[in-house]
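Lettering of chains follows the sequences in order, A, B, ..., and the numbering in each one begins at 1.
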Protein chains: 2
Amino acid sequence: MAKNLLAKNKLTILYGLCLAVLLLLLKWLELKLVIVNNAYEVYMGAIAVFFTALGIWLALKLTKPKTVIVEKQVYVNNGPEFTVNQAEVEKMGLSKRELDVLQLMAEGLSNQEISERLFVSLNTIKTHSAKVFEKMEVKRRTQAVEMGKRLCIIP
Amino acid sequence: MAKNLLAKNKLTILYGLCLAVLLLLLKWLELKLVIVNNAYEVYMGAIAVFFTALGIWLALKLTKPKTVIVEKQVYVNNGPEFTVNQAEVEKMGLSKRELDVLQLMAEGLSNQEISERLFVSLNTIKTHSAKVFEKMEVKRRTQAVEMGKRLCIIP
DNA sequence: TTCAAAATCACCCTAAAGTATGAGCCCGGA
DNA sequence: TCCGGGCTCATACTTTAGGGTGATTTTGAA
């Protein structure tokens with residue numbers, strides 16, 4: 001959190017410095033009489049372009065990359081290939097998110113770790129897992145994992 | 001594809017128009033003598049801010065969400081007949097009783113249920129499971145089960 | 001547009017799991 | 001016989017899991 005703020009401030013300061021330097025440059029140019037007063041539209045345009053670029057850069061730097069995470073499962077196996085038994089999944093009415101949670105459970109992650117992995121809160125994972133148990137008619141995560149593997153819902 | 005290009009061109013044209021309008025505005029202001037020559041740094045700054053904002057907006061509009069394909073490796077070892085990997089068991093120094101507990105864990109039983117199944121107390125199971133986790137270098141039963149299956153210690 | 005399911009999150013509480021430590025019993029090998 | 005490892009059990013404590021309820025927001029399909 002503090003780190004993030006620092007980074008943001010860093011950029012803001014940098015931005016301010018750029019502005020200041022540019023203005024100084026302009027002043028200097030003015031003093032040097034290089035700029036013809038009648039034609040400052042030209043470097044006005046330059047400034048516009050420059051700051052547009054700066055804005056774009058800033059936006060790209062500051063915004064979290066809009067990422068669409070597509071989970072492509074690569075099955076490294078010795079034996080028959082694993083295919084998700086979609087029929088079983090739908091029979092139980094497991095949603096995509098619930099399936100995600102179940103998969104991470106099967107990897108031995110705690111609810112806390114799952115929540116961090118999926119960028120949601122711990123409570124959300126609890127809700128999902130509760131629904132998973134309900135739909136799978138089991139009492140514990142270990143049972144859910146067991147059943148999930150048996151029904152080929154998870155590898 | 002063509003649509004995308006059109007959209008981009010649209011934005012570019014819009015951008016150009018904005019620039020033109022702004023310059024016209026400036027010219028007009030100049031003609032109106034509203035602008036004090038000595039203080040154009042001020043609206044230079046305004047322009048800078050405006051175009052930075054514009055740049056940010058452009059960037060946000062134009063960036064496509066990045067698609068990240070996460071390759072998830074899943075190991076499946078569906079050999080038809082299961083044989084206990086005794087070597088791995090001994091490498092970790094798991095005792096017979098600890099193996100029993102691990103197996104029942106893998107079936108999704110709670111410590112209470114395991115203790116009833118093995119006719120020992122709950123505390124005993126806790127002790128065994130703690131030793132299992134220690135020897136397998138894992139933190140949770142789910143992880144122990146995961147690892148146990150991967151190492152062919154349990155079916 | 002509207003409606004239902006999905007997804008998100010919060011709070012409170014109980015149950016289960018896990019940690020740490022200590023201790024007694026039994027058995028096989030030195 | 002003594003020692004160590006395995007097995008048993010206990011107590012006390014912390015952490016995690018799970019249950020129940022209610023709420024808001026997103027989203028997809030009708």
Legend entry - Rounded distance in Å - CD (B/Glu98) to C1' (D/dG5): 10 Å

Inset, instruction - Establish, with yes or no, whether the OP1 or OP2 oxygen of C/dT8 is under 4.0 angstrom from a side-chain nitrogen or oxygen of A/His128. - result: yes

Legend entry - side chain to side chain donor-acceptor pair (under 3.5 Å) partners of B/Glu146, counting only residues at least two apart: B/Arg150

Legend entry - Gap between atoms CG and C1', on A/Leu94 and C/dA7 respectively (whole Å): 15 Å

Scan the side chains in residues 116-123 of chain A for donor-acceptor partners under 3.5 Å anywhere in the protein, sequence neighbours excluded, and list what turns up.
{"unit_1": "A/Glu116", "atom_1": "OE2", "unit_2": "A/Gln112", "atom_2": "NE2", "d": "3.2"}
{"unit_1": "A/Ser121", "atom_1": "OG", "unit_2": "A/Asn123", "atom_2": "N", "d": "3.3"}
{"unit_1": "A/Ser121", "atom_1": "OG", "unit_2": "A/Thr124", "atom_2": "N", "d": "3.2"}
{"unit_1": "A/Ser121", "atom_1": "OG", "unit_2": "A/Thr124", "atom_2": "OG1", "d": "3.2"}

Inset, instruction - Give me the bend of the helix from C/dT1-D/dA30 to C/dA30-D/dT1, using the axes of the five pairs at each end, rounded to 10°. - result: 50°

Inset, instruction - For B/Gln143 and C/dA17, give me the distance from atom CD to atom P, rounded to whole Å. - result: 16 Å

Legend entry - Gap separating the CG atom of B/Leu151 from the CE atom of B/Met92, nearest 0.5 angstrom: 5.5 Å

Inset, instruction - For B/Ile114 and D/dT8, give me the distance from atom CD1 to atom P, rounded to whole Å. - result: 13 Å

Inset, instruction - Sort out for me which residue in A/His128, A/Glu98, A/Arg141 forms a side chain to side chain contact (heavy atoms under 4.5 Å, CB included) with A/Phe133. - result: A/Arg141

Inset, instruction - Supply the atom-to-atom distance A/Asn111 CG to A/Thr127 OG1, rounded to the nearest 0.5 angstrom. - result: 10.0 Å

Inset, instruction - Pick base, sugar-phosphate or nothing for A/Ser121, based on heavy-atom distances below 4.0 Å to the nucleic acid. - result: sugar-phosphate

Legend entry - Minimum heavy-atom distance between B/Lys149 and B/Ala106, given as atom pair plus value: CE-CB, 4.4 Å

Legend entry - Minimum-distance nucleotide (side-chain atoms of B/Ser95 versus D/dT8, D/dC7, C/dT8): D/dC7

Inset, instruction - Any chance you could measure A/Lys131, atom NZ, to A/Leu102, atom CG, to the nearest 0.5 Å? - result: 15.0 Å

Could you go through nucleotides 23-30 of chain C and list every protein N or O atom that sits under 3.5 Å from one of its N or O atoms, giving the distance for each pair?
none

Legend entry - For B/Glu134, all residues meeting side chain to side chain donor-acceptor pair (under 3.5 Å), sequence neighbours excluded: none

Would you tabulate the pairs of protein nitrogen or oxygen atoms and nucleotide nitrogen or oxygen atoms of nucleotides 16-20 of chain D closer than 3.5 angstrom?
{"unit_1": "D/dA17", "atom_1": "OP1", "unit_2": "A/Asn111", "atom_2": "N", "d": "3.2"}
{"unit_1": "D/dA17", "atom_1": "OP2", "unit_2": "A/Asn111", "atom_2": "N", "d": "3.2"}
{"unit_1": "D/dG18", "atom_1": "OP1", "unit_2": "A/Arg141", "atom_2": "N", "d": "2.9"}
{"unit_1": "D/dG18", "atom_1": "OP2", "unit_2": "A/Arg141", "atom_2": "NE", "d": "3.1"}
{"unit_1": "D/dG18", "atom_1": "O6", "unit_2": "A/Lys126", "atom_2": "NZ", "d": "3.0"}

Legend entry - Length of the NZ-P vector between B/Lys131 and D/dC9, whole Å: 16 Å

Legend entry - Gap between atoms CD1 and C1', on B/Ile125 and D/dA10 respectively (whole Å): 14 Å

Inset, instruction - Would you give the length of the straight line joining atom CD1 of B/Ile125 to atom CD of B/Glu113, rounded to the nearest 0.5 angstrom? - result: 11.5 Å

Legend entry - Length of the line joining B/Glu116:CD and C/dA16:P, which is rounded to integer Å: 10 Å

Legend entry - Rounded distance [0.5 Å steps], CD in B/Glu137 versus CE in B/Met147: 7.5 Å

Legend entry - Rounded interatomic separation in angstrom, taking NZ from B/Lys96 and C1' from D/dG6: 10 Å

Legend entry - Check: A/Lys135 side chain, A/Leu94 main-chain N or O, donor-acceptor pair, under 3.5 Å: no

